[in-house]
Every structure is written in C-alpha cells, then in structure tokens.
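Here's the structure, in structure tokens; my notes come after.
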Amino acid sequence: MAGITLTDVHAAHGVNGVSLSVGEDELLTVLGPSGAGKTTLLRLIAGLAPVTRGTIHIGGRDVTALRPGLRNVSMVFQSYALFPHLSVADNIAFGLIVKDVPRAVIRERVAAAAASVGCEQLLARKPSQLSGGERQRVALARALVREPDVFLLDEPMSNLDIELRVETRAEIKALHQRAGGTMVHVTHDQTEALVLGDRVAVMRDGAIEQIGSPEEIWRQPATTFVARFVGSPAMNLLPGDGPVRPRDLFPEPGWLIGFRAEAVLLGHTGDPLGTVTRVDVVGEDSYVYLSVSGSPVVARVRTSEKPRIGAAIRVGVRREDVHLFDAATGRRT
Amino acid sequence: MKRSPWLMLAPYVFGLVALVLVPFAVTVVLAFTEYDLINPPVWVGWANFTELFDDPIFRMALGNSLWFAAIAVPLRLLIALGLALLLHRRSWFVGSARTAAALPAAVPEIAYGLLWLWLFNPVHGPINQLLAGPSALLGRTPPAWLTLPNDARAGIIIMSLFTVGEMFVILVAARQALPRDVYELAAIEDATGWDIFRRITLPLMAPALGLLLVRDTIMSFQLSFTPALVVTNGGPPPYATTYLSLFVYRNAFEYLRYGFAAAATLVMLALTVVAVLLQVRLLRRARL
Amino acid sequence: MRGRFAGSARSLGALFVVVVFAPPLLLLLSGSLHRPGEPPKPTPDVIPDPLSTEGYALAFEWGGLLRATLNSVVVAAIAVPLSVLVASAAGFALTQIPRRIRNAVVGASVIGLMVPATALLVPKFAMFRWLNLTDTLAPLIAPALVGASPLYVLAFYLAFRAVPQDLYDACLIEDLSPAQTWWRVAMPQVRPVTSAVAALSFVLTWSNFLDPLVFVYDRDLFTLPLALRSLATLDPTNFPVFLAGAVLATVPAIIVYALAQRRFLK
C-alpha cells in the first residue's frame with residue numbers, strides 16, 4: 001500500500017501547517033502562484049528539504065526522518081535534471097546501475113520504461129541532443145524505471161511550448177491510469193491542474209486553501225483566493241451591497257458576491273447600467289470589461305454580439321450563479 | 001554514509017592544518033625564541049625584533065623588497081592589462097602573441113633564473129653584446145647587471161616583467177566575459193576609445209584587477225627569491241639584491257638562526273598584510 | 001573602415017608582443033645549442049655557429065640529470081593525481097557541509113593563499129626533520145595534501161557550486177552517497193576545471209625549487225630544478241651546459257601549460 005499522508009507539516013521555506021493525504025493510485029495536482037510553497041511541499045515529501053514540525057507518512061511508514069534515497073520516491077524536476085555526461089539509456093538506468101542491479105534486468109527495465117513514454121529511439125543519444133519534449137520524456141522514463149511508491153513531478157511541463165503541453169498532459173494522465181501509483185504533480189497552470197488531477201490542492205502562502213475534485217474547485221471555490229486564482233479571466237468579486245447582484249438576493253453586510261464572466265447577463269431590463277471600457281476578442285468569444293457605478297465587471301459574450309467601447313449596457317446576474325463569501329475571512333459562506 | 005563529505009574533506013583540512021596553519025603558528029612563536037634545531041628553543045622575548053631593526057643587512061633587505069614590490073607589481077599589472085586588452089580579440093598574430101606572452105610564466109623558476117644568468121652575463125651574455133655597440137657610440141659603459149647595485153636591482157625587475165602570463169590569461173578571460181551589449185551601446189553613443197576604457201572597461205574589470213593586485217603584492221616577496229639566489233646571489237655588495245625572502249632563507253638554512261629568521265618572516269607577513277589592507281582600502285575608495 | 005583599421009592596429013600590436021616576449025625562450029633554446037667552452041663572441045649569435053648538442057650530453061653527464069628527471073617524474077606522477085583528487089574531493093565536500101564550517105575552511109584556504117611559501121619554510125623544515133622525512137621525496141609530494149595550492153580547491157568548489165542543484169537532488173533521490181555523487185555525477189560536469197588543475201599542479205610540482213632546496217640534500221634524490229642549480233654552480237661560465245639542462249626542465253612544463261592555456265582561452 002502506498003499513498004502519502006502529511007500531518008501538520010511545517011518547513012523553513014514557506015510551508016506552514018500542511019495536512020493532506022493522497023490515496024494509492026491517486027493523482028493529486030498542487031496548484032498555486034509562484035512562491036506559494038508548492039515546490040517546497042514536493043521537496044519535503046521527497047526528503048530534499050527538512051521538516052521542522054509535523055510528520056510525513058508514505059505507504060503507512062513514517063518517513064519524516066528518512067533520507068530521500070530510502071523513501072522509494074522518484075521525482076521529475078522542472079529542469080529534468082538529466083545527467084549531461086550520460087546517454088539517455090544510462091540516464092534512465094542510473095538508479096539501477098548504482099544499486100548494482102544485474103545488467104540484463106537493467107536493459108529489460110530501461111527498454112520497458114522507454115517504451116512506455118515513447119522514447120525508445122533516443123536511447124543512444126546524449127541529453128544535449130534532445131529537444132525539450134524529448135528530455136521531459138526521458139526524465140519521466142527515469143522516474144518510472146525504479147517502480148517507486150510515489151511519483152513527484154515538479155512543473156514538468158513549464159519548459160514546453162503550449163502545443164506540446166496539451167499533448168504531454170494527456171500522456172501523463174494516460175500513463176498514470178496505466179501504471180497507477182501515487183502521483184503528486186505541482187503546477188502553476190490551472191488548466192493543467194484541473195485537467196490532470198483526480199484531486200487538486202490549491203496552495204497560497206505555504207498553506208492549502210482548498211483541496212477537492214477539479215469540479216469542486218471550479219464550482220465551489222472555498223475562498224475568494226481560489227475563486228479568483230482558478231478561472232480566466234478572474235471571477236468578478238463585488239461587495240454584497242454593490243451595484244450588481246441578483247434581484248432575489250438580499251445579502252448581509254460584510255458579504256462579497258462572486259460570479260464568473262460567463263454568468264453575467266447583459267441587456268436585461270431592470271438591471272443597473274454599465275459602461276463598456278474595454279473589449280478583448282479571444283476567437284469566438286470576447287470579454288467585455290464594464291464599469292458599473294465605478295465597480296469593474298467582466299462579462300463573456302459571443303464575438304458576433306460584442307458591444308462597442310463606451311456603450312451603455314444593463315448588467316445583471318442570476319442567483320444560482322453567485323458565490324457568496326465573507327469579506328472578513330475570505331471564506332465561502 | 002552521512003560521514004562521507006567529512007572524509008572527503010579530511011585530507012585537505014589535514015594538509016591545510018599541517019602544512020600551513022600549524023607552521024604559521026609555529027613561526028609566530030619561534031620569532032620570540034633563539035632556536036638552532038639542535039638545542040631546544042630559548043625564549044628571548046622581543047630580542048629578535050630589536051636585533052632585526054639594528055641589523056643593516058635586514059634594513060637593506062626590507063628596503064629592497066619594498067622597492068621591488070613598489071616598482072615590479074604595478075608594472076606587471078599594467079603590462080598584463082595592456083596585453084589582455086590588445087589580445088582579447090582575434091586578429092593576425094594574436095594567437096602567436098598570446099602564446100608568447102603566456103609561456104614565460106610556465107618556465108620553471110630555476111630554468112628561468114639560469115637563462116637570465118646567461119643573458120645578463122657581461123661577457124658571454126647576448127644583452128650586453130647587443131648593447132655594446134650603442135653604448136660605445138653614446139660614450140657610456142653598458143649596464144653591469146651583476147656587479148653594480150642599481151643595475152642588478154633593475155635586472156631582477158626586468159626578469160619579473162616577462163612572467164606575467166598567469167595574470168594575462170586571467171585578464172583576457174575577464175575581458176572576454178564583459179557583456180558585449182555595453183560596448184555596442186557605447187558605440188551607438190559614439191564614445192571614443194579612451195572614454196570607453198575609463199568609463200566602461202576599467203570599472204568592469206576592477207574586481208579582477210584588484211584581486212590580481214593584492215595577489216601579486218603577496219607573491220612579490222616570493223617572486224624575487226629565486227632570481228636573487230641564482231642570478232645575483234644576493235649581491236652585488238652591499239647586499240643590493242638581498243630581499244626579505246632571501247634574508248630569511250640565509251639566516252635559517254645557512255646561519256641556522258631559526259628564531260631570528262622567523263622574526264624576519266613575521267615582519268614580512270606584517271608588511272604583506274599592511275600592503276593588502278592599504279590596497280583594499282584604496283580600491284574601495286576608487287570605486288565610490 | 002574603423003573596424004579594419006582597429007584590426008590591423010591590433011595585428012601590429014600583437015606582432016610587437018611576439019617580438020618582445022618570444023626572445024627569452026628562443027634565446028634559451030639558442031643558448032643551449034652553443035658549443036660549450038667557446039670563447040665569448042663580440043656580437044650575439046642567435047643562431048649558434050657551430051650548432052652543437054654537446055651541452056646536452058655534458059648536462060646529463062655532469063649533472064646527473066637522468067636520475068633527477070626520474071625523481072621529478074616520480075614526484076609528479078604521485079603528486080599530480082593526488083592533488084587533483086584531494087582538491088576535487090575537498091571542493092565537492094565544501095558544497096555538502098554546513099555553511100559555518102564551509103566558511104571557516106574557505107577562510108583558512110584564503111589565508112593559505114596569502115602566506116608566502118618562504119614564511120613557512122622554517123617550521124615545515126623542523127616538522128619534516130622531526131618526522132625523519134627530510135632527504136626523502138615525501139616533503140615534495142606533501143603539497144598535494146593541500147591540492148598543490150588552496151586556489152585549486154576553491155576553483156573546484158566554485159565549479160561544483162555552479163552545477164545545477166537539481167542534479168545533486170536527483171542523486172539524493174537515487175540514494176547516492178556524497179562520494180558516489182562526486183565521482184559519478186559531479187566530476188564529469190567539471191572536466192575543463194579538472195584538466196586545468198591537473199596541468200597547473202603539474203607545472204607547479206615540476207617547477208618546485210624551494211621545497212627540494214630546503215628539504216633534500218642527498219644528490220640521488222635531487223629533482224630536476226635542484227640538479228640544475230648544482231649544475232650551474234659547478235661551472236657558472238659554461239652556459240650551454242646549464243642552459244641545455246634548463247631546456248630539458250622547461251619543455252614538459254611548457255607543453256602542459258600551453259595545452260591548458262589553449263583550453264582555457266577558448
């Protein structure tokens with residue numbers, strides 16, 4: 001049995017009291033802005049950074065004090081950390097070679113790992129002769145070959161261009177479904193986090209803001225931070241007694257109401273008037289930035305229906321599309 | 001397994017302690033004793049130092065060393081800098097010039113000394129054979145490198161000017177490491193050569209130059225040892241090329257006065273420290 | 001226009017540098033090829049007439065250069081690899097230990113760099129004598145324990161520090177010990193530094209004159225520099241003989257240094 005359990009983990013570099021557990025065969029993505037402590041969290045699990053308080057269990061075993069090599073984890077680094085002086089085959093085999101695994105076994109397992117990420121034709125090359133995507137595959141193969149309890153992936157796609165990222169995303173997901181294992185994948189890309197993760201943990205300032213299925217994160221953001229960080233453009237957040245609110249909602253003082261751009265209703269009589277200040281065309285859809293009595297609101301419209309800048313439009317929102325937050329704590333009410 | 005970085009560091013730390021730090025500490029203690037390696041050291045307090053400063057030979061050596069450092073070190077640095085600025089870019093002859101400038105530093109000290117022993121020889125040496133004609137025309141005698149005090153001192157300094165290879169190589173690397181766009185910007189601003197040198201190249205290379213200046217000053221006490229021993233043998237009288245290092249060597253290993261030699265060593269070290277501190281201070285002020 | 005002019009001025013300057021800096025070494029060679037015992041010529045003869053290698057033969061015969069070369073080779077063969085090992089291991093260890101201790105070691109290394117060798121001769125001599133190691137080759141190999149020079153340890157330290165931390169982390173995950181990481185991963189990343197340190201420590205060891213001068217008295221243990229000195233004191237006017245010896249001592253150092261320099265100024 002694998003799986004990871006963190007209990008109230010603190011560390012020097014901005015991790016303050018993280019508790020979470022990742023199930024066997026679960027892929028958890030950790031999402032957050034840079035500086036949120038995502039990578040540190042990964043390094044704590046790997047044992048590359050010391051825990052100052054709390055415990056870490058892997059597969060039910062307390063590994064808090066164990067050195068990295070004894071935790072049976074493998075890690076794909078953001079830089080991939082391939083050894084420049086070794087061939088791809090030797091890079092993949094590295095962990096087995098230093099453990100004196102018999103040559104024949106190594107060859108077999110390297111071939112299998114390379115095949116599972118589709119880099120078997122690269123085995124004789126040096127890392128300097130590979131493209132970014134190829135390097136990433138090799139790094140994945142190196143992580144796979146040892147058959148570890150836990151895979152840790154630190155922004156493995158941040159160095160790839162967008163097209164390749166989408167492709168690799170699908171491959172990693174397929175790989176996880178095929179190979180299983182506990183996987184923790186750190187990213188600052190919300191699409192990647194939502195698409196890839198069985199569950200998503202959103203981090204901010206060294207603590208977890210919310211952990212849940214991608215759908216929960218999207219549909220029921222636990223805090224204003226999650227609400228605004230996940231989704232593009234960021235969710236509209238207005239004071240509860242502000243100009244735009246559902247007609248059948250009577251918020252208490254100190255509430256914030258949030259709604260996404262696609263939930264905004266335009267041109268319904270009885271709603272307050274807003275002025276169009278900017279229009280961003282993004283293909284079929286356009287984002288319309290409005291000022292409603294001084295409050296900024298962004299709405300999504302079909303590009304064919306986009307208004308002119310300076311136009312006055314009525315702005316409204318439905319009750320069921322609204323998230324309510326306590327302004328003082330930022331938490332969902 | 002946790003111990004292995006310490007094991008890897010151990011030989012070096014042992015070497016550092018046994019071959020540098022302990023001998024250094026022992027030198028400090030020995031300076032206050034009378035010691036001849038046979039009888040145990042006798043504590044004499046400051047006697048060695050008072051004797052040192054009453055010793056005309058020591059004062060001579062002190063002056064020689066200071067003059068040597070004051071003349072040779074700046075000249076060496078200037079030559080190395082000039083060579084580096086001239087030879088940092090490719091052009092015809094630059095490759096050969098780099099080799100020619102770098103190689104003399106690789107010649108073993110003793111071989112280099114013997115070479116100049118011949119070059120300076122008044123009768124057999126090619127320098128004076130070459131200078132004989134022009135000197136006669138001017139109605140002067142050619143320099144007597146090995147017999148006249150000032151000619152000998154000049155000779156030792158001239159010897160030191162050819163061995164700037166190491167500094168030269170470091171400065172070329174430093175110059176090549178300077179960002180190109182700064183110079184392109186200067187070209188767009190139509191800055192002239194001197195301005196570029198004064199306002200861009202010099203400040204950017206200042207750290208490397210400062211480091212080399214400090215290092216060469218420290219090394220200057222050693223630099224003069226072999227030439228003085230081999231070429232001029234500390235002479236010509238009166239002790240014209242007896243430098244501090246040679247003075248220490250003679251007192252310790254020829255006259256077996258180890259305590260006295262250690263005291264002279266301490267003076268040499270104190271001078272080094274003072275010179276280095278002065279330079280660091282000057283450099284810091286120059287950068288403000 | 002301006003570029004071309006600057007280029008030709010540079011070439012002219014470079015030519016001047018060659019004219020000034022090449023003669024000492026060329027004269028060394030030319031001097032060694034004179035016939036020993038010739039009366040002095042009134043004008044310098046750069047190309048000796050007659051060209052003679054008699055100096056070399058006499059240098060070997062009088063100076064015991066064969067024996068001395070052998071000693072020098074023995075010292076270099078032990079000291080150079082040892083220096084590289086000690087310096088690289090220590091440089092790597094410095095990246096692995098707590099900062100306070102590292103700073104102390106780096107500080108001590110800098111002191112080691114600042115203290116002139118002549119300042120340490122007396123206590124080192126006393127120490128080696130007490131250990132009964134004077135008149136052996138051991139004191140000549142001993143500097144390898146500080147990596148020939150603390151400078152090389154610092155050079156390795158900087159080079160290892162410049163290797164991406166992720167590579168070291170990857171080794172930790174694979175459960176390599178620091179020694180394994182050093183040998184299998186770190187060393188291959190710093191090959192240029194290794195070859196430069198090997199070359200420079202060779203030159204330093206090969207040319208070492210002060211240490212043998214102080215620690216070695218037995219003629220059979222003379223290294224090349226020391227044998228050269230006694231050759232020169234034997235007959236200071238017979239310059240082709242000691243210049244021939246000087247050429248022999250110089251050639252290996254120059255070849256190694258030139259190779260290293262070419263690599264460094266790439």
Side-chain angles (χ1 to χ4, degrees), chain B residues 1 4-5 8-9 11-16 19-21 23-24 26-27 30 37 83 86-87 91-94 96-104 106-111 114-115 118-119 123-124 126 129-130 162 169 172 218 221-222 225-226 245 248-249 252-253 258 261-262 265 268-269, chain C residues 7 10-11 13-15 17-18 21-22 24-25 27-28 31 40 43-44 86 89-90 92-93 96-97 105 108 112 114-124 126 142 145-147 153 177-179 203 206-207 209 214 225 228-229 232 239 242-243 246 249-250 253-254 257-258 261 264-265:
Chain B
M1 264 205 208
S4 69
M8 291 166 71
L9 194 58
Y12 174 62
V13 169
F14 173 76
L16 207 54
L19 297 175
V20 180
L21 300 182
F24 181 57
V26 169
T27 302
L30 271 187
L37 271 184
L83 287 172
L86 180 68
L87 303 177
S91 190
W92 280 355
F93 298 115
V94 163
S96 326
R98 279 185 190 174
T99 309
L103 282 191
V107 179
E109 273 182 300
I110 179 73
L114 292 180
L115 165 66
W118 168 53
L119 294 180
V123 188
H124 295 273
Q129 288 174 349
L130 204 68
F162 287 90
V169 171
V172 168
I218 296 166
F221 289 104
Q222 246 158 288
F225 175 75
T226 310
S245 48
V248 168
Y249 173 79
F253 299 103
Y258 293 97
T265 302
M268 182 162 92
L269 279 175
Chain C
R10 194 180 300 277
S11 294
L15 191 62
V17 170
V18 174
F21 277 83
L25 284 187
L27 284 169
L28 176 62
T43 53
V86 169
F92 182 76
Q96 303 286 308
I97 60 176
V105 175
M114 302 212 355
V115 181
T118 35
L120 304 177
L121 280 180
V122 174
K124 270 164 85 177
L145 280 182
V146 286
V153 176
S177 68
V203 172
W206 184 259
S207 311
F209 171 59
V214 174
L228 268 184
R229 164 129 203 270
F239 64 87
F242 64 71
L243 289 181
T250 302
I254 281 212
Y257 189 83
Q261 179 237 351
F264 189 69
L265 285 187

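Reminder, nothing fancy here: chain letters follow the sequence lines and each chain counts from 1. Below, all heavy atoms of this structure are taken into account, side chains as well, without hydrogens, waters or symmetry copies.
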Query - Max heavy-atom pair count under 4.5 Å with chain B, selected residue of C:Val115, C:Leu228, C:Leu121 - result: C:Leu228

Report summary line: Residues B:Ala100 and C:Val18: closest non-hydrogen pair is CB-CA, 4.3 Å

Query raised in the report: Given a strict heavy-atom distance threshold of 4.5 Å, which part of B:Leu30 is in contact with chain C: side chain, backbone, both, or neither?
Result: side chain

Query - Proximal component of B:Leu19, with respect to chain C [non-hydrogen, under 4.5 Å] - result: both

Query raised in the report: For C:Ile254, is it the side chain, the backbone, both, or neither that has a heavy atom closer than 4.5 Å to a heavy atom of chain B?
Result: both

Query raised in the report: How far apart are the closest heavy atoms of C:Ala14 and B:Leu87, and which atoms are they?
Result: CB-CD2, 3.8 Å

Query raised in the report: Say you draw a straight line from OG1 of B:Thr226 to CZ of C:Phe209; how long is it, rounded to the nearest 0.5 Å?
Result: 5.5 Å

Query - Interface moiety of B:Leu119 toward chain C, non-hydrogen atoms closer than 4.5 Å - result: side chain

Report summary line: Residues at least two apart in sequence or cross-chain that pass side chain to side chain donor-acceptor pair (under 3.5 Å) with B:Tyr249, listed by chain then number, are none

Query raised in the report: Counting only N and O atoms by type, is there a donor-acceptor contact under 3.5 Å from the side chain of C:Ser11 to the main-chain atoms of B:Ser91?
Result: no

Report task. Please state whether the side chain, the backbone, both or neither of B:Val107 comes within less than 4.5 Å of a heavy atom of chain C. Result -> both

**Report entry** Point-to-point distance, once rounded to the nearest 0.5 Å, from CG of C:Leu243 to OG1 of C:Thr250
**Finding:** 9.5 Å

Requested in this report: Using the test side-chain contact (heavy atoms from CB on, under 4.5 Å), find all partners of B:Ala102 that sit at least two apart in sequence or belong to another chain.
Outcome: B:Phe168, B:Val169, C:Tyr257, C:Gln261

Query raised in the report: Do you know the tightest heavy-atom contact between C:Val203 and B:Ala106?
Result: CG1-O, 4.0 Å

Query raised in the report: What option among B:Leu103, B:Val13, B:Thr99, B:Leu83 has the most heavy-atom pairs under 4.5 Å with chain C?
Result: B:Leu103

Query raised in the report: Out of curiosity, C:Leu25 CG to B:Leu115 CG, how far, rounded to the nearest 0.5 Å?
Result: 7.5 Å

Report summary line: Looking only at B:Phe221, B:Phe253, B:Phe14, the option with the highest number of non-hydrogen pairs under 4.5 Å against chain C is B:Phe253

**Report entry** Portion of C:Val146 that has a non-hydrogen atom of chain B nearer than 4.5 angstrom
**Finding:** both

Query raised in the report: What residue, out of B:Val26, B:Leu114, B:Val20, B:Leu9, has the most heavy-atom pairs lying under 4.5 Å from chain C?
Result: B:Leu114

**Report entry** Between B:Phe225, B:Phe162, B:Tyr258, B:Trp118, the one whose heavy-atom pairs under 4.5 Å with chain C are most numerous
**Finding:** B:Trp118

Report task. Could you tell me which portion of C:Phe242 (side chain, backbone, both or neither) has an atom closer than 4.5 angstrom to a non-hydrogen atom of chain B? Result -> both

Report summary line: Under 4.5 Å to a heavy atom of chain B? For C:Val105 that would be both

Query raised in the report: Quick one: what part of B:Phe24 sits under 4.5 Å from any heavy atom of chain C, side chain, backbone, both or neither?
Result: both

**Report entry** Heavy-atom closest contact (C:Ile97 atom, B:Pro5 atom, distance)
**Finding:** CG2-CB, 4.1 Å

Query raised in the report: Do B:Met268 and C:Thr118 pass the side-chain contact (heavy atoms from CB on, under 4.5 Å) test, and can you show the C-alpha distance, the side-chain angles, and the key distance before you say yes or no?
Result: CA-CA 10 Å; B:Met268 182 162 92; C:Thr118 35; 3.5 Å; yes

Report summary line: Answer key: most heavy-atom pairs under 4.5 Å with chain C among B:Ala262, B:Gly15, B:Ala111, B:Pro108 is B:Pro108

Query - chain C contacts, top residue of B:Leu86, B:Thr27, B:Thr265 (heavy-atom pairs, under 4.5 Å) - result: B:Leu86

Query raised in the report: If you tally heavy-atom pairs under 4.5 Å against chain B, which of C:Ala253, C:Pro225, C:Ala126, C:Ala232 wins?
Result: C:Pro225

Query raised in the report: If you count heavy-atom pairs under 4.5 Å with chain B, which of C:Gly147, C:Gly31, C:Gly112 comes out on top?
Result: C:Gly31

Report task. Measure distances from B:Leu21 to the heavy atoms of chain C and classify the residue's part below 4.5 Å as side chain, backbone, both or neither. Result -> side chain

Query raised in the report: If you look at every heavy atom in B:Gln222 and B:Glu109, which pair is closest and at what distance?
Result: O-OE2, 4.4 Å

